[in-house]
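In what follows, chains carry the letters A, B, and so on, assigned in the order in which the sequence lines appear, proteins first and then strands, with residues in each chain numbered from 1.
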Amino acid sequence: DQQVKQNSPSLSVQEGRISILNCDYTNSMFDYFLWYKKYPAEGPTFLISISSIKDKNEDGRFTVFLNKSAKHLSLHIVPSQPGDSAVYFCAALEVGSGGSNYKLTFGKGTLLTVNP
Amino acid sequence: GAGVSQTPSNKVTEKGKYVELRCDPISGHTALYWYRQSLGQGPEFLIYFQGTGAADDSGLPNDRFFAVRPEGSVSTLKIQRTERGDSAVYLCASSLTPGLGYTFGSGTRLTVV
């Protein structure tokens with residue numbers, strides 16, 4: 001049972017346009033969400049995160065939006081650049097649970113291709 | 001070191017053999033994690049160490065898998081009697097604070113033939 005779902009295996013956009021990557025979750029105990037970027041033969045690298053007490057977090061070209069009632073988050077990249085081409089993973093944590101607050105639950109990832 | 005180092009980067013082994021995968025975390029990071037990424041999937045949690053002890057090994061698939069961290073730094077993931085289904089990328093990560101500020105290594109790609 002996938003608790004974090006990324007339903008688009010791939011996305012292709014033109015350089016300069018906006019990329020929107022989506023993520024849905026089912027576990028209402030998740031209260032912290034992260035996006036990781038992964039290049040081939042490298043480990044995932046942290047990109048941006050958001051706590052469930054917020055609905056938006058912005059860092060340069062990257063913005064994450066959280067809709068808690070819909071259990072949905074999205075990552076916006078604008079403007080997209082060819083160097084952004086990578087697999088993007090959505091991940092979730094139960095920080096406030098006191099139990100497994102260290103265990104990331106990942107989605108399957110979305111391969112973003114930004115065409116020059 | 002500057003990052004999390006995993007060795008070897010690639011390992012091909014025959015079904016039934018024993019393998020060891022090594023992880024050298026960032027110096028001073030007390031939390032260490034192992035994840036496994038199978039083809040087409042996201043990373044899945046295997047085990048979490050806080051210091052020398054395994055605080056949570058609930059993600060280990062069966063008793064063929066074992067991990068140690070005897071001195072609270074380097075960790076070794078050990079797989080006995082490997083099966084073709086064990087083929088995956090094994091990722092190690094470390095952090096100062098449990099759950100946050102993970103730094104992942106580049107992984108070990110294990111292929112069981």
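- Ranked by heavy-atom pairs shorter than 4.5 Å toward chain A, the options Gly40(B), Gly107(B), Pro43(B) are led by Pro43(B).
- Interface residue Gln37(B): only side-chain heavy atoms are found under 4.5 Å from chain A.
- Aromatic ring centres of Tyr102(B) and Tyr36(A) lie farther apart than the 6.0 Å criterion allows.
- With a 6.0 Å radius and a threshold of 12 heavy atoms from other residues, nucleotides or ligands, Arg64(B) has its CZ atom above the threshold.
- Other residues, nucleotides and ligands contribute over 12 non-hydrogen atoms within 6.0 Å of the CZ atom of Phe65(A).
- The contact between Leu93(A) and chain B is made entirely by side chain atoms (from C-beta outward), counting heavy-atom distances below 4.5 Å.
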- Test side-chain contact (heavy atoms from CB on, under 4.5 Å) applied to Thr13(B) and Asp86(B), step by step: CA-CA 11 Å; Thr13(B) 191; Asp86(B) 299 335; over 6 Å; no
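- Using modelled atom types and a 3.5 Å distance limit, the side chains of Ser95(B) and Tyr102(A) yield no donor-acceptor pair.
- Chain B forms the most heavy-atom pairs under 4.5 Å with one residue out of Pro9(A), Gly109(A), Ala41(A), Pro44(A), and that residue is Pro44(A).
- Within the 4.5 angstrom heavy-atom criterion, no atom of Ser9(B) approaches chain A.
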